Amino acid sequence: MKRAMVLAGVSLMVSNAAQAEIPELLKTGEGGTTVAQWEQARRAGILNLFQEHVYGRNPVGRPDALRFEELGEVAGMLDGKAVRKRVRLHFEGPGGKGQFDVTAFIPTSERKAPAFVLICNRSPEENLDAERTLKSPFWPVEEIVSRGYAAIAFYTQDVAPDKKPSFDGGVHTVFLPDLAMRKPDSWGTLAAWAWGASRVMDWIETEPLLDAKRVAVIGHSRGGKTALWCGATDRRFALVISNESGCGGAKLNRMDLPKSEHIAQIVKNFDYWFCGNFQKYVDNEEALPVDQHQLLALMAPRLVYVASAEGDPWAGPEGEFESCKLASPAWVLYGKKGLVGDTFPALETPLQEGSIGYHIRPGQHDLTLYDWERFLDFADGHGWNK
């Protein structure tokens with residue numbers, strides 16, 4: 001039996017049991033009321049719960065055998081505004097060898113460039129054209145570079161396949177080749193893709209044209225879920241951007257949004273994105289020991305941006321916004337502002353004053369030029385392009 005509960009003016013759906021209400025972010029007496037307590041105890045505890053119950057634990061961090069192969073460099077791209085670099089990342093593990101490619105357009109400049117790393121979950125032929133013959137607003141390289149940022153991208157399925165049967169191919173086969181070795185908290189495919197983004201950061205740290213201290217990781221939909229988990233597990237990313245990530249991403253699980261995706265639907269269709277333990281919470285969200293505002297809080301005191309679309313109720317825009325609000329106290333610990341804005345904003349009215357940015361725009365489930373322009377504005381507003 002569930003009942004509606006109002007928290008900060010928002011309808012949430014919880015069970016009658018008091019312990020089933022929204023999980024606390026900061027716990028008095030258990031760590032989390034000071035920066036030291038948060039860093040030394042509370043943050044690690046929340047991260048561990050997400051690993052155990054939602055995304056799974058990686059079998060490997062940075063592989064000892066990781067190496068970067070330069071595939072080619074072309075100067076004078078984009079009418080002389082950028083240099084294009086293509087890099088192949090090689091690695092190996094118990095199941096053999098693996099690789100995936102990265103494409104980077106870096107502004108022609110005397111200073112190191114800040115960068116946006118796109119976790120691309122859509123057709124690379126249509127969205128990641130290295131020759132820029134076919135241009136897509138999903139990865140608007142020209143606009144990104146013209147604003148002074150490097151545009152870097154990789155394709156998720158080059159890291160791990162996005163299909164059933166699960167865990168056959170890509171990094172799953174390389175690092176956990178025997179399915180019998182999998183445990184209920186072994187990594188799901190979102191975690192595998194996030195692992196790939198972290199390996200891209202490993203390369204960025206070796207590239208003299210890039211500023212590794214100002215790198216954003218961004219994803220749309222399943223890529224947005226991945227970006228959030230990547231930002232939670234890899235604190236080298238200074239800005240984490242979730243575009244319409246919905247259930248398993250920025251949307252609060254316990255919020256009563258009948259038109260949005262819930263754990264039951266996402267597990268039915270994409271169980272392999274998560275660890276096996278996540279299936280325990282089908283139609284049982286109130287038993288999950290964490291909720292997605294805590295995932296966002298793992299990014300503090302770094303920058304976070306969450307974006308929604310009016311025509312995408314499946315992603316639960318109100319639930320994404322509520323997570324931003326509930327995560328904000330983590331930034332207050334550091335003397336920063338989280339989300340600045342208490343009420344759900346009007347369309348195309350971005351909230352960008354604090355360390356958490358948010359906007360909702362007209363239109364459908366997509367990553368558009370409008371979204372990218374707002375993300376670039378947010379980075380500019382926090383001094384990234386000075």
Side-chain angles (χ1 to χ4, degrees), residues 7-8 10 12 22-23 25 46-47 49-50 53-55 118-119 121 190-191 193-194 197 216-233 237 239-257 259-263 265-266 270 273-274 278 281 285 288 290-300 302-331 338-341 344-345 350-352 354-361 365-368 371 374-375 378:
L7 179 62
V10 177
L12 305 174
I22 303 302
L25 181 60
I46 292 172
L47 181 63
L49 288 173
F50 275 107
H53 297 278
V54 185
Y55 304 103
L118 173 64
I119 299 170
N121 55 292
L190 295 178
W193 294 336
V217 61
I218 172 176
H220 165 71
S221 193
R222 64 197 68 183
K225 306 178 206 297
T226 304
L228 289 174
W229 186 235
C230 176
T233 56
F237 288 100
L239 167 58
V240 181
I241 303 172
S242 152
N243 191 71
E244 297 163 42
S245 59
C247 182
K251 194 204 82 167
L252 199 69
N253 288 309
R254 288 166 171 82
M255 193 165 183
D256 182 20
L257 296 169
K259 293 184 180 180
S260 74
E261 186 176 31
H262 291 75
I263 293 176
Q265 291 103 334
I266 203 168
F270 303 105
W273 286 354
F274 306 92
F278 195 51
Y281 306 104
E285 285 91 347
L288 185 63
V290 288
D291 213 325
Q292 301 309 105
H293 65 298
Q294 294 171 300
L295 177 65
L296 297 186
L298 294 177
M299 263 61 84
R302 294 167 290 149
L303 300 173
V304 175
Y305 202 113
V306 174
S308 308
E310 181 186 31
D312 184 19
W314 191 243
E318 296 87 353
E320 295 180 317
F321 178 76
E322 188 66 16
S323 283
C324 294
K325 289 175 60 177
L326 294 177
S328 292
W331 276 264
L339 181 73
V340 177
F344 194 69
L351 305 176
Q352 298 197 352
S355 295
I356 303 176
Y358 180 85
H359 75 250
I360 181 168
R361 58 160 175 80
H365 186 69
D366 202 356
L367 176 56
T368 70
D371 297 315
R374 301 296 78 76
F375 304 148
F378 186 65

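The shown structure was predicted, so the numbers you read here are calculated from the model rather than taken from an experiment.
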Report task. Take Ser355 and Val304 through the test side chain to side chain contact (heavy atoms under 4.5 Å, CB included) and record every step on the way to the result. Result -> CA-CA 6 Å; Ser355 295; Val304 175; over 6 Å; no
Requested in this report: Take Phe274 and Ile263, measure what side chain to side chain contact (heavy atoms under 4.5 Å, CB included) needs, and give me the verdict at the end.
Outcome: CA-CA 11 Å; Phe274 306 92; Ile263 293 176; over 6 Å; no
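- With sequence neighbours left out, the ring-ring contact (aromatic ring centres under 6.0 Å, His included) criterion links Tyr305 to His359, Phe375, Phe378.
- Closest approach of Ile356 to Cys324, counting heavy atoms only: CD1-O, 3.6 Å.
- Listed for the Gln352 side chain is a donor-acceptor partner under 3.5 Å among the backbone atoms of Arg374.
- Taken to the nearest 0.5 Å, the CG atom of Leu190 stands 11.5 Å off from the SG atom of Cys230.
- Scanning all heavy atoms of the two residues, the minimum distance from Ala309 to Pro317 falls at O-CG, 3.6 Å.
- Scanning both residues, Pro345 and Ile360, for their nearest heavy atoms gives O-CG2, 3.8 Å.
- Remark: Asp366 CG to Asp371 CG distance equals 8.0 Å, nearest 0.5 Å.
- At a threshold of 4.5 Å between non-hydrogen side-chain atoms, the residues Ile266 and Lys225 count as touching.
- The structure places NE2 of His262 at 6.5 Å from CG of Asp256, a figure rounded to the nearest 0.5 Å.
- Between Phe344 and Tyr358, the angle of the ring planes lies from 30° to 60°, which puts this pair in the tilted group.
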Query raised in the report: Could you walk me through whether Val54 and Leu295 pass the side chain to side chain contact (heavy atoms under 4.5 Å, CB included) check?
Result: CA-CA 11 Å; Val54 185; Leu295 177 65; over 6 Å; no
Report task. Evaluate the criterion side chain to side chain contact (heavy atoms under 4.5 Å, CB included) for residue pair Val306 and Leu339; output intermediate values, then yes/no. Result -> CA-CA 10 Å; Val306 174; Leu339 181 73; over 6 Å; no
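- The minimum heavy-atom distance linking Val217 with Ala197 is given by the pair CG2-CB, 4.4 Å.
- Under the salt bridge (Lys or Arg N to Asp or Glu O under 4.0 Å) criterion, the residue pairs touching residues 242-252 are Glu244-Arg361, with sequence neighbours excluded.
- In this view, Asn121 satisfies the side-chain hydrogen bond (donor to acceptor under 3.5 Å, both in side chains) rule with no residue, not counting sequence neighbours.
- The side-chain heavy atoms of His293 and Lys325, taken from C-beta on, include no pair separated by under 4.5 Å.
- Distance alone, capped at 3.5 Å, is enough to place a donor-acceptor pair between the Arg302 side chain and the Phe237 backbone.
- The shortest distance between side-chain heavy atoms of Phe321 and Leu351 falls below 4.5 Å.
- Not a single donor-acceptor pair under 3.5 Å links the side chain of Trp273 to the backbone N or O of Ala191.
- Annotation for Leu252 and Gln292: closest pair CD1-N, 4.3 Å, computed over non-hydrogen atoms.
- Expressed to the nearest 0.5 Å, how far CG of Leu296 lies from OG of Ser328 amounts to 9.0 Å.
- Rounded to the nearest 0.5 angstrom, Lys259 NZ and Asp312 CG are separated by 12.5 Å.
- Pairing each heavy atom of Ala194 with each of Thr226, the nearest pair is N-CG2, 3.3 Å.
- Looking at Leu228 and Met299, their side chains come closer than 4.5 Å, going by heavy atoms from C-beta outward.
- Using the six-membered ring where Trp is involved, Tyr281 and Phe278 have ring planes that are tilted, between 30° and 60° apart.
- Between the CD atom of Glu320 and the CG atom of Asn243 there is a distance of 8.5 Å, given to the nearest 0.5 Å.
- Side chain of Asp291 to main chain of Pro23: no donor-acceptor pair is present (N/O by atom type, distance under 3.5 Å, no hydrogens or angles).
- Judged purely by atom type and a 3.5 angstrom limit, Ser245 has no side-chain atom pairing as donor or acceptor with the backbone of Ser242.
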